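Just so you know, these numbers come straight off a predicted model, no measurement behind them.
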Amino acid sequence: MNIEEFRDSAEMLKVVAHPTRLALIKVMIEKGPLNVTSLYEEFGMPQSTISQHLAKLKAVNVVSGTRKGLEIYYELKDARVAVILNALAGA
């Protein structure tokens, strides 16, 4: 078995394994693409905190951002994460 083939998946799991990031992903799955303003209003956290979590998720290609005017709308890019969230919800 080649351990190297699991390196990207392990890195993605490390980034996703945070309660706030899991909650952000869940909201994006349920509501579709959202901008930072919508997300920080949803969670009652500072905008900078939400932006930092989104940057980490984007760095490992879990979410993607699409610019619409002055705002960027974030959505789930990696469907494996939705499967992981469903498995966690069933546990």
Heavy-atom check, side chain of [X] versus side chain of [Y], under 4.5 Å:
{"X": "S64", "Y": "K58", "result": "no"}
{"X": "K68", "Y": "P33", "result": "no"}
{"X": "F43", "Y": "V27", "result": "yes"}
{"X": "E42", "Y": "K31", "result": "yes"}
{"X": "N61", "Y": "D78", "result": "no"}
{"X": "I25", "Y": "V62", "result": "yes"}
{"X": "I72", "Y": "L54", "result": "no"}
{"X": "V36", "Y": "Y74", "result": "yes"}

Discussion item. Applying side-chain contact (heavy atoms from CB on, under 4.5 Å) to K56 and H18, what does each step give before you reach the verdict?
Written reply: CA-CA 11 Å; K56 290 180 181 185; H18 187 284; over 6 Å; no
Item to complete: Test V81 against V63 for side-chain contact (heavy atoms from CB on, under 4.5 Å), laying out the working first.
Response: CA-CA 10 Å; V81 178; V63 299; over 6 Å; no
Item to complete: Taking all heavy atoms of M28 and all of L76, pick out the closest pair and write down the distance.
Response: SD-N, 4.3 Å
Practice prompt. Compare every heavy atom of E11 with every heavy atom of V60, then report the nearest pair and how far apart it is.
Written response: CG1-CG, 4.1 Å
Fill in: Joint hydrophobic cluster, L13 plus L88, side-chain heavy atoms closer than 4.5 Å
yes
Can you tell me how far [atom2] of [Y] sits from [atom1] of [X], rounded to the nearest 0.5 angstrom?
{"X": "N35", "Y": "Y40", "atom1": "CG", "atom2": "OH", "result": "9.5 Å"}
{"X": "Q47", "Y": "E41", "atom1": "CD", "atom2": "CD", "result": "9.5 Å"}
{"X": "T20", "Y": "H53", "atom1": "OG1", "atom2": "NE2", "result": "4.0 Å"}

Discussion item. For a quick check under 3.5 Å, do Y73 and E75 share a side-chain donor-acceptor pair by atom type?
Written reply: no
Practice prompt. Begin from the C-alpha positions of E30 and K26 and carry the test salt bridge (Lys or Arg N to Asp or Glu O under 4.0 Å) through to its verdict.
Written response: CA-CA 6 Å; E30 292 173 350; K26 184 174 190 241; 3.2 Å; yes
Worksheet item: Got a donor-acceptor contact below 3.5 angstrom from the R21 side chain to the L57 backbone?
Response: no
Fill in: Donor-acceptor contact below 3.5 Å, side chain S38 vs main chain L34
no
